*Asks:* 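Can you read through this structure? Questions will come right after.
Source: prediction; values computed, not measured.
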Amino acid sequence: MIAESLWCIGRLALAGVLVCAGSAMASDQQPSLPTPIDIDNLAPVIEREFLSFDVNYQRERLERQHQLDKLSTELFAAEDAGLNVACSRQIFLETKWLIEHTADWSRADRRLQDLANSLDNKEQAFATQQSPDDGSWGSCFEEWFMKVSATAGALETLAGKGQAPEHPVTILDRIAEPDALSAYLYGLVVSDIASTGVNQRDELGSITASLATLLFKHDVAPYARGEVAGLKFDDAYVAAFQDFIDAWQDPETGYWGAWYQSGGAVFRAPDLSLSYHQIAYHPHDIAHLSDIIETTLRIKDKPYPYGWIAYGQFNNHNNYDVARILRVAWPFASEQQQQAIRDDLTAALTWCLNDSLNADGSFRQVPDFYNSVSADFYFGISFLDEIGYWTKANRYWTDEAFPNAQQTCCMIKARIKQIGLKSDVAQAALQKLNDGCPAC
């Protein structure tokens with residue numbers, strides 16, 4: 001009965017328990033899920049559940065990961081050469097998700113072949129165009145939630161330009177009503193990997209980030225609601241999403257995260273990335289900010305996504321997320337916490353300048369973590385910008401001066417222009433540099 005209840009409409013009660021209610025398949029007799037067990041690292045639970053689904057899971061995944069690593073080298077080299085490989089990048093992202101978050105090996109194999117074939121096409125601007133069919137972007141994605149993410153990103157770019165999209169955006173029609181939205185979102189919170197072979201964390205994180213962008217982000221939400229034909233965002237819809245976000249937040253840690261069914265129990269852990277998007281995009285309506293500070297500092301030595309560390313070291317993406325979270329929560333920090341924040345951000349800055357930033361103004365590539373060369377630049381630049389390295393007004397955490405900041409900013413700007421990266425991500429990074437060091 002518990003397994004059957006995982007996908008139905010739910011409510012996260014104040015005690016933090018997901019219960020079924022309101023679905024055509026639900027009934028008063030269905031039991032609620034057990035109270036979630038909080039742990040620091042869900043990786044062993046996830047691995048165990050995938051092995052329960054497929055005893056050969058580790059071997060199957062490793063074989064395909066090796067293939068993806070080889071293809072990603074070609075992809076990064078093409079982008080580093082200034083080629084538009086937007087379609088290949090989309091296929092890469094979907095293939096990576098299939099390998100890391102599912103055990104759908106036949107589909108992963110098909111997408112690996114699609115990726116290999118796509119790399120023969122050296123001009124892929126078509127993959128950045130809006131579809132006239134449903135108004136989406138991301139034509140080389142097959143997965144719906146990934147198209148939604150690409151669409152949210154494109155609409156954010158258009159909002160900044162003050163341009164309406166050419167076609168109505170109807171890709172969200174399947175969750176256009178508040179009840180459908182709630183049913184879909186609550187159904188993503190708990191993964192039953194042993195039964196489905198799917199870890200729903202990425203879909204949960206992606207769709208909630210996309211919706212937070214369109215419904216809450218101050219420079220996007222009015223545009224999405226008033227200027228984009230096809231989107232059906234009214235007060236009831238926004239309220240339904242807000243209700244879900246409020247109910248999903250853990251009142252003990254202040255964080256959000258994916259939950260996992262395993263052996264009759266439910267496990268959860270604070271998730272840095274899933275929490276960042278809610279805190280960053282909707283900062284004025286976030287509860288438990290004191291708990292968020294405590295949790296953020298506590299998890300600094302734990303592996304991503306349950307901490308700051310990736311592959312045994314700092315990571316610009318995670319450090320950027322941390323810096324933004326702590327900016328929002330800073331007014332609620334005690335003096336002792338503020339000093340800890342200063343120490344931790346100083347260590348992250350030192351690592352960024354000495355270990356991540358190359359002498360030519362590029363950032364050290366981390367193909368296992370980042371999805372493109374543009375992302376390497378974007379998150380390195382965004383971290384430095386977020387902590388106020390070259391803009392004193394952003395320096396919420398310290399009064400220290402950084403005398404080499406403008407020189408560093410100009411060096412990075414020269415490099416990103418030299419490479420000629422064409423993606424929206426690269427252009428967003430360049431805009432931050434233009435704001436940070438306009439004189440060069």
*Asks:* Once the angle between the rings of Y389 and F402 is folded into 0 to 90°, is it parallel (under 30°), tilted (30 to 60°) or perpendicular (over 60°)?
*Replies:*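 Y389 and F402: tilted rings.
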
*Asks:* Is a side-chain N or O of T208 found less than 3.5 angstrom from the main chain of G205, in a donor-acceptor match?
*Replies:*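 Yes; at least one donor-acceptor contact below 3.5 Å.
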
*Asks:* Does the side-chain contact (heavy atoms from CB on, under 4.5 Å) test come out yes or no for F314 and V322, once each step is laid out?
*Replies:* CA-CA 11 Å; F314 277 132; V322 166; over 6 Å; no

*Asks:* Could you state the interatomic distance from CD1 (I293) to CG (L326), rounded to the nearest 0.5 Å?
*Replies:*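 Going from the CD1 atom of I293 to the CG atom of L326 covers 7.0 Å.
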
*Asks:* Begin with the C-alpha distance, continue with both residues' side-chain angles, and end with the deciding distance and a verdict on side-chain contact (heavy atoms from CB on, under 4.5 Å) for L155 and Y223.
*Replies:* CA-CA 9 Å; L155 290 176; Y223 165 86; 4.2 Å; yes

*Asks:* Minimum heavy-atom separation for V220 to E156, with atom names?
*Replies:*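 Reported closest heavy-atom pair: CG2-CG, 3.6 Å.
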
*Asks:* Stepwise, does the side-chain hydrogen bond (donor to acceptor under 3.5 Å, both in side chains) test hold for Q337 with E294?
*Replies:* CA-CA 8 Å; Q337 288 173 326; E294 182 178 346; 5.3 Å; no

*Asks:* Just so I know, are the side chains of L349 and L384 near enough to count as touching, which here means a heavy-atom distance under 4.5 Å?
*Replies:*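 Yes, close enough: below the 4.5 Å cut-off.
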
*Asks:* Is the shortest heavy-atom distance from the side chain of L214 to the side chain of V228 under 4.5 Å?
*Replies:*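 They are not in side-chain contact.
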
*Asks:* Out of curiosity, I341 CD1 to I325 CD1, how far, rounded to the nearest 0.5 Å?
*Replies:*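 Result: 11.0 Å between the selected atoms.
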
*Asks:* Using the ring-ring contact (aromatic ring centres under 6.0 Å, His included) rule, take W351 and F383 through it: C-alpha gap first, then chi angles, then the decisive distance, then the call.
*Replies:* CA-CA 11 Å; W351 176 86; F383 168 70; 8.3 Å; no

*Asks:* Quick check on E123: does its CD atom have over 12 non-hydrogen neighbours (other residues, nucleotides or ligands) under 6.0 Å away?
*Replies:*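 More than 12 heavy atoms, drawn from other residues, nucleotides or ligands, come within 6.0 Å of this atom.
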
*Asks:* So P305 and L274, do their side chains get closer than 4.5 Å, heavy atoms only?
*Replies:*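 When only atoms from C-beta onward are counted, P305 and L274 do not touch, as no gap falls below 4.5 Å.
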
*Asks:* Look up atom CD in Q58 and atom CG in L51, then write down how far apart they are to the nearest 0.5 Å.
*Replies:*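 That separation rounds to 4.5 Å.
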
*Asks:* Is a side-chain donor or acceptor of K147 paired with a backbone partner of F141 at a separation under 3.5 angstrom?
*Replies:*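 Checked: pair present.
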
*Asks:* Output yes when a side-chain donor or acceptor of S131 lies under 3.5 Å from a complementary backbone atom of W137, and no otherwise.
*Replies:*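 Side chain of S131 to backbone of W137: no pair is present.
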
*Asks:* Where do R225 and V238 land on the side-chain contact (heavy atoms from CB on, under 4.5 Å) test, with the steps shown first?
*Replies:* CA-CA 10 Å; R225 188 162 176 172; V238 175; 4.0 Å; yes

*Asks:* Checking disulfide bond (SG atoms under 2.5 Å apart) for the pair C409/C440: CA distance, chi angles, key distance, verdict?
*Replies:* CA-CA 9 Å; C409 183; C440 59; 5.5 Å; no

*Asks:* Is D109 salt-bridged to R64, cutoff N-O under 4.0 Å?
*Replies:*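 A salt bridge is present here (some side-chain N lies under 4.0 Å from a carboxylate O).
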
*Asks:* Mind checking the CZ-OG spacing from R89 to S374? Nearest 0.5 Å is all I need.
*Replies:*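 Going from the CZ atom of R89 to the OG atom of S374 covers 5.5 Å.
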
*Asks:* If you take all heavy atoms of Q261 and V190, which pair is closest and at what distance?
*Replies:*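 Minimum heavy-atom separation between Q261 and V190: N-CG1, 3.9 Å.
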
*Asks:* At what distance, to the nearest 0.5 angstrom, does CD1 of I245 lie from CH2 of W256?
*Replies:*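 These two atoms lie 7.0 Å from each other.
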
*Asks:* Quick one: does any side-chain atom of S88 pair with a main-chain N or O of L115 as donor and acceptor, under 3.5 Å?
*Replies:*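 Between the backbone of L115 and the side chain of S88 there is no qualifying donor-acceptor contact (under 3.5 Å).
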
*Asks:* Between Y281 and F216, does the ring centroid distance fall short of 6.0 Å?
*Replies:*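 No, the ring of Y281 stays outside the 6.0 Å limit from the ring of F216, centre to centre.
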
*Asks:* If I take atom CG from residue L172 and atom OG from residue S210, how far apart are they, to the nearest 0.5 angstrom?
*Replies:*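 Reported to 0.5 Å precision, the distance equals 8.5 Å.
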
*Asks:* What is the minimum heavy-atom distance between E386 and A323, and which atoms define it?
*Replies:*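 For E386 versus A323, the nearest heavy atoms are CG-CB, 3.7 Å.
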
*Asks:* Is it true that E100 and R201 have a side-chain N and a carboxylate O under 4.0 angstrom from each other?
*Replies:*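 Salt bridge between E100 and R201, a charged N being under 4.0 Å from a carboxylate O: no.
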
*Asks:* Can you find a pair of side-chain heavy atoms, one from D38 and one from E252, that are under 4.5 Å apart?
*Replies:*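 With C-beta onward as the side chain, the pair stays apart.
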
*Asks:* Is there a donor-acceptor pair closer than 3.5 Å between any side-chain N or O of E94 and the backbone N or O of E143?
*Replies:*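 Judged by distance alone, yes, a pair lies under 3.5 Å.
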
*Asks:* Relative to the ring of W105, is the ring of Y57 parallel (under 30°), tilted (30 to 60°) or perpendicular (over 60°)?
*Replies:*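 Y57 and W105: tilted rings.
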
*Asks:* Check whether N318 reaches the backbone of W308 with its side chain - one donor and one acceptor, N or O, closer than 3.5 Å.
*Replies:*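 It does hold such a pair.
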
*Asks:* How close do G197 and F50 get, heavy atom to heavy atom, and via which atoms?
*Replies:*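 Where G197 meets F50 most closely, the heavy atoms are O-CE2, 3.4 Å.
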
*Asks:* Where does the angle between the aromatic ring planes of F233 and Y237 fall among parallel (under 30°), tilted (30 to 60°) and perpendicular (over 60°)?
*Replies:*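 Aromatic pair F233/Y237 classed parallel.
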
*Asks:* Look at the side chain of Q200 and the backbone N and O of I193, then say whether any donor-acceptor pair between them is shorter than 3.5 Å.
*Replies:*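 A pair under 3.5 Å: no.
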
*Asks:* Would you check if the side chain of T73 reaches a backbone N or O of D69 as a donor-acceptor pair within less than 3.5 Å?
*Replies:*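 Flag set: sc T73 to bb D69 pair under 3.5 Å.
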
*Asks:* Does R111 come within less than 4.0 Å of D114, counting only side-chain N to carboxylate O?
*Replies:*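 Between D114 and R111 there is a salt bridge, with a charged N closer than 4.0 Å to a carboxylate O.
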
*Asks:* Has T128 got a side-chain atom pairing as donor or acceptor with A125's backbone, closer than 3.5 angstrom?
*Replies:*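 Checking the backbone N and O of A125 against the side chain of T128, a donor-acceptor pair under 3.5 Å is found.
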
*Asks:* Side-chain contact test, heavy atoms from C-beta onward, threshold under 4.5 Å: evaluate it for L430 versus K413 and give yes or no.
*Replies:*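 The answer is yes; the side chains approach within 4.5 Å.
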
*Asks:* Is the closest basic N to carboxylate O distance between E142 and R110 below 4.0 Å?
*Replies:*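 Yes, charged N to carboxylate O under 4.0 Å.
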
*Asks:* Just do the side-chain hydrogen bond (donor to acceptor under 3.5 Å, both in side chains) check on Q129 and S139 with the steps written out, would you?
*Replies:* CA-CA 8 Å; Q129 304 303 308; S139 61; over 6 Å; no

*Asks:* Under a 3.5 Å cutoff, is there a donor and acceptor pairing between the side chains of T408 and N404?
*Replies:*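 N404 and T408 do not have a side-chain donor-acceptor pair below 3.5 Å.
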
*Asks:* Kindly indicate whether the side chain of F241, heavy atoms from C-beta on, has any atom under 4.5 Å from the side chain of L185.
*Replies:*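 Heavy-atom side-chain distance check passes, below 4.5 Å.
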
*Asks:* Please report the shortest heavy-atom distance between F363 and C352, naming the atom on each side.
*Replies:*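 Shortest heavy-atom separation between F363 and C352 comes out as CE2-SG, 4.1 Å.
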
*Asks:* Could D399 and R342 be called an ion pair, given the rule that one side-chain N must be under 4.0 Å from one carboxylate O?
*Replies:*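 No salt bridge links D399 with R342.
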
*Asks:* Are D40 and R298 within salt-bridge range, i.e. N to O under 4.0 Å?
*Replies:*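 R298 and D40: salt-bridged.
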
*Asks:* What I'd like to find out is whether the side chain of L188 reaches to under 4.5 Å of the side chain of Y184, using heavy atoms alone.
*Replies:*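 Counting from C-beta outward, L188 and Y184 do come under 4.5 Å.
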
*Asks:* Got a donor-acceptor contact below 3.5 angstrom from the Q130 side chain to the T151 backbone?
*Replies:*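 Not at all, since once roles are kept as given, no pair shorter than 3.5 Å links the two residues.
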
*Asks:* Would you please test N358 and S362 for side-chain hydrogen bond (donor to acceptor under 3.5 Å, both in side chains) and show each step?
*Replies:* CA-CA 5 Å; N358 295 320; S362 64; 3.0 Å; yes

*Asks:* Between A86 and Q124, what is the shortest heavy-atom contact and its length?
*Replies:*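 The pair with the smallest heavy-atom distance is N-OE1, 3.4 Å.
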
*Asks:* Does the side chain of P303 reach to within under 4.5 Å of the side chain of N41, using non-hydrogen atoms?
*Replies:*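 Result yes, sub-4.5 Å side-chain heavy-atom pair found.
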
*Asks:* Crowded around F332 CZ? As in, over 12 foreign heavy atoms under 6.0 Å?
*Replies:*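 No, CZ of F332 has 12 or fewer neighbouring heavy atoms, counting only those of other groups under 6.0 Å.
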
*Asks:* Does the pair K232 and D173 meet the rule for a side-chain contact (heavy atoms from CB on, under 4.5 Å), with working shown?
*Replies:* CA-CA 8 Å; K232 303 169 184 176; D173 277 1; 3.8 Å; yes

*Asks:* Going through the distances and angles, do N199 and Y260 end up as a side-chain hydrogen bond (donor to acceptor under 3.5 Å, both in side chains)?
*Replies:* CA-CA 8 Å; N199 177 359; Y260 296 91; 2.7 Å; yes

